[in-house]
Amino acid sequence: MTDLLAGLNPEQLRAVTWPAKSALVLAGAGSGKTRVLTTRIAWLLSTGQIGPSGILAVTFTNKAAREMQTRLATMVPVNVRTMWIGTFHGLCNRFLRSHYRDAGLPQTFQILDSADQQAAIKRLLKSLELSDEKFPPRAVQSFINGSKEAGLRADRLPPALNLYEAKLVELYAAYDAQCRREGVVDFAELLLRSYELLSANQALRQHYCSRFSHILVDEFQDTNRLQYAWLKLLAGDGGSLFAVGDDDQSIYAFRGAEVGNMRALLNDFSVSEPVRLEQNYRSMGNILNAANALIEQNDGRLGKNLWTDAGEGEKIRLFEAYSDGEEAEFIIDEVRSLKRDGFNLSDMAVLYRSNAQSRLLEHVLVNAQIPYRIYGGLRFFERQEIKHALAYLRLIANPEDDNALLRVINVPARGIGARTVEGLQAVSREQGVTLWQAACASGGGRTAAKLGEFVLLVERMRERGRELPLAEAVSLAIDDSGLRAMYEQDKKEGEERLANLDELINAATGFMPDEPAQALTEFLTAASLEAGEHQAEAGSDALQLMTMHAAKGLEFDAVFVSGLEEGLFPHENSMNDGKGLQEERRLMYVAITRARQRLYLSSAQSRMLHGQSRYPIRSRFVDEIPAELTHDLSAKVKAPAKTNASTSASWRTAPKVGRVAADNSQGFRIGQSVEHAKFGSGVVINAEGGGEDVRLQINFAEHGVKWLDLRYAKLSAG
DNA sequence: TACCGGGCAATTTTT
DNA sequence: TTGCCCGGTA
């Protein structure tokens, strides 16, 4: 017990040993948040205040849940698998599986991931003969999810303001009906259904409320309305909620996160003051001071100041490049030099605001032969071949799953074309039956014969699959469906896809179901709820590339925050209202606080975006960092005063006036107006080279953007 | 059924 | 510039 609490700082200790009432722990970046959370659970258990079944611990990601479980297992001798530690969705799934009848769900209900949900919506639109021009599936999806996250069913929504909205509400109702028919639930539904069941069923609610006397929540600033309502319901009247979060790291408002839940908690659970964890164990002082100064610009904060006893450390390195290309080169040069100094590539990260920015970096990294790893992109269970195989498995579990049926009814091609499928859908619509039932009932004729073969195939797979161990059932689905044969034919990508399918069989082999009788359902659930790694192959030492969002929760010795330009970061879509801008600033705060020792902030004066050159000005976020904390590496040429043209627009058609283009640019400067004999008048927007060999990029009014070599071009000042 | 080309949009994302 | 989606054609 004393061991457990040893080494905690006073605030951590205060949080860990907080009495059995609600608390809000304001946990700064790198302040030992996970440690506090796990140690509190261990402390509650080992002091006998509560048994393992009395604790509910919620996270947002599977990774965080696993980490909590692993660390807890090293602290106290409990079976963490039996404890209710998991993601919101994982725990709601568990709850709904135990009470599927009360929840009005089939025992083997399947979970739709985002892509599945969108497919279901497209199908619905088609069946209602609504064009997806007028009702973009994405928009319908976000309307449905938004409503669910507000806790509202279609019949409870406020009256529609116009016909369009009324139609959306109708679609929402129809979508829910379709899901019910097919025995599937989407992500938001997991939460809403759990919430509704708990509020409607008093006995159940009382049971869980008295059982979970300690509810702990991680990343509380990311909770949405429904999640908060669910927590409140579970905590009950006298219940306690131990919430850990950081309002300054709230960067997910765009997907429904409500920072306001933090203040709401203080009020709703009568917490007088948050516990602040402000001592940082990650970064050097200059980095923290930069972060503190930056975030100070936001208002409405709960307030917190990070500090360290590790010392000031190095200054923050600024670099303003001529172009995005030069910025990339700079980063790569610095990476090389850090590597020479003994840093691992995997301890360095390049962060950017949007994924598109990785392309140029990749290009330059490939040329420089520096190994790198990008976070993002397709995850294992989202791959086409895996989704196909899973669709067959879903049909084994439940042939009424129209989504699954549609996905593979003609994969591999077996002569069931679009026309046949439309016929099936018409029958299904008219008679109110699922596609599977329609297929089973199809009469004579050639198409019916093909359908009959498919029905037979699925039935055979179901029969055999039922008796087999999971891994063999998976293998059977891949072989009997013809998927394996199909990919064996595929010269281009077949090999990799086959390897992935084998990996799926491996995953099934290693899968440990809680209830062996439900192995298949559990496996499919896990596949939906944990889409797998973000293709981050471990192993070799590689530079880490990722968006700033993806970097949350991670840390590196050296961090490059790139593309610090108005319009890009803060992003032009977010910089027009105060709320958006403040969230961007929090994102900058997150990015800065990823660095342990060294932090680079880089920007470019020209950048290729959407196939067009832009000439942005440096991000305001750079200027919000006190100059005494920084060291400008780009100050080779003294920057002139800014023109007043830069005050309104975030980017202009011409860069800052006056910067000397190159050493011997014959007096031409970026921003200067020039005349060309053939192209007419233009503005110098970029320069390259030096000495004799100088090239200028010029934006001509009549002839567009051109590179000109000063040795040949006849250019004069305009 | 499969491929080509035009049109068009283009943050951030876990479950 | 890239990548996706749709419609037209072989």
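Chain A is the first sequence line, chain B the second, and so forth, proteins listed ahead of strands; every chain is numbered from 1.
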Practice task
Would you kindly say whether Tyr615(A) and Gln605(A) are connected by a side-chain donor-acceptor distance under 3.5 Å?
Solution key: no
Problem - d(CZ, Phe381(A); C1', dT14(B)) in whole Å - result: 16 Å
Problem - Residue Ser354(A), side-chain atoms from C-beta onward, closest of dT1(B), dT12(B), dT14(B) - result: dT12(B)
Handout entry: First-last contacting nucleotides on DNA chain C - partner chain A, under 4.0 angstrom, heavy atom
Key = dT1(C) to dG3(C)
Exercise for the section: State whether the side chain of Asn367(A) and the backbone N or O of Val364(A) hold a donor-acceptor pair below 3.5 Å, judged by distance alone. Expected result: no
Exercise for the section: Identify, between Glu530(A) and Arg353(A), the residue whose nearest nucleotide on DNA chain B lies closer to the 5' end. Expected result: Arg353(A)
Exercise for the section: Check every strand shown and say whether Phe88(A) touches a base, only sugar-phosphate, or nothing at a heavy-atom separation below 4.0 Å. Expected result: nothing
Practice task
Please report, rounded to the nearest Å, how far the P atom of dT15(B) is from the CZ atom of Phe109(A).
Solution key: 17 Å
Exercise for the section: Hey, which sits more toward the 5' end of DNA chain B by its nearest nucleotide, Ala418(A) or His610(A)? Expected result: Ala418(A)
Exercise for the section: Determine whether any donor atom in the side chain of Thr87(A) lies under 3.5 Å from an acceptor atom in the base of dT14(B), or the reverse, and answer yes or no. Expected result: no
Problem - Phosphate OP1/OP2 of dT15(B) contacted by Asn62(A) side-chain N/O (<4.0 Å) - result: yes
Practice task
Nearest whole angstrom, please: distance from the P of dT12(B) to the CG of Leu587(A).
Solution key: 11 Å
Practice task
Let me see the working for Tyr164(A) and Phe135(A) under ring-ring contact (aromatic ring centres under 6.0 Å, His included), right down to the final yes or no.
Solution key: CA-CA 9 Å; Tyr164(A) 179 73; Phe135(A) 296 94; 5.1 Å; yes
Practice task
Starting from P on dT14(B), measure out to CG on Asp218(A) and report it in whole angstrom.
Solution key: 16 Å
Practice task
Nearest whole angstrom, please: distance from the P of dT13(B) to the CD of Glu584(A).
Solution key: 12 Å
Practice task
Output yes when at least one side-chain N/O atom of Asn573(A) is less than 4.0 Å from OP1 or OP2 of dT12(B), else no.
Solution key: no
Exercise for the section: Write out all pairs satisfying salt bridge (charged side-chain N to carboxylate O under 4.0 Å, His left out) with one or both partners inside residues 187-198 of chain A, taking only residues at least two apart or from two chains. Expected result: Lys148(A)-Glu189(A), Arg153(A)-Glu189(A), Arg153(A)-Glu196(A), Glu189(A)-Arg193(A)
Practice task
Check whether NZ of the Lys or CZ of the Arg Arg620(A) lies under 6.0 Å from the centre of the six-membered ring of Phe569(A) and within 45 degrees of that ring's axis.
Solution key: no
Handout entry: Charged tip of Arg225(A) within 45° of Tyr228(A) ring normal and under 6.0 Å
Key = no
Problem - Spacing of Arg607(A) atom CZ relative to dA10(B) atom C1', expressed in whole Å - result: 15 Å
Handout entry: Rounded distance (Å) that lies between atom C1' of dA10(B) and atom CG of Leu568(A)
Key = 12 Å
Practice task
Output yes when at least one side-chain N/O atom of Arg379(A) is less than 4.0 Å from OP1 or OP2 of dT15(B), else no.
Solution key: yes
Practice task
Answer yes if the ring centres of Phe60(A) and His89(A) are under 6.0 angstrom apart, and no otherwise.
Solution key: no
Exercise for the section: Remember a base hit wins even if backbone is also touched, and classify Glu583(A) as base, sugar-phosphate or nothing at under 4.0 Å, heavy atoms. Expected result: nothing
Practice task
Mind checking Ser528(A) for me? I need base, sugar-phosphate or nothing, with any heavy atom below 4.0 Å counting as a touch.
Solution key: nothing
Exercise for the section: Answer yes or no for this row: Phe254(A) ring on dT12(B) base, centroids under 5.5 Å, planes under 30°. Expected result: yes
Practice task
Round to a whole Å and report the spacing from CE of Met546(A) to C1' of dT14(B).
Solution key: 16 Å
Problem - dT14(B) and dG3(C), which share atom name C1', separated by this distance in whole Å - result: 24 Å
Practice task
Using a heavy-atom cut-off of under 4.0 Å over every strand shown, decide if Asn355(A) touches base, sugar-phosphate, or nothing.
Solution key: sugar-phosphate
Exercise for the section: Report yes if at least one side-chain N or O of Asn410(A) is closer than 4.0 Å to OP1 or OP2 of dT1(B); otherwise report no. Expected result: yes
Exercise for the section: Indicate whether the side chain of Gln582(A) and that of Glu584(A) have a donor and an acceptor atom separated by less than 3.5 Å. Expected result: no
Practice task
Taking atom P in both dT12(B) and dC5(C), compute the distance separating them and give it to the nearest angstrom.
Solution key: 16 Å
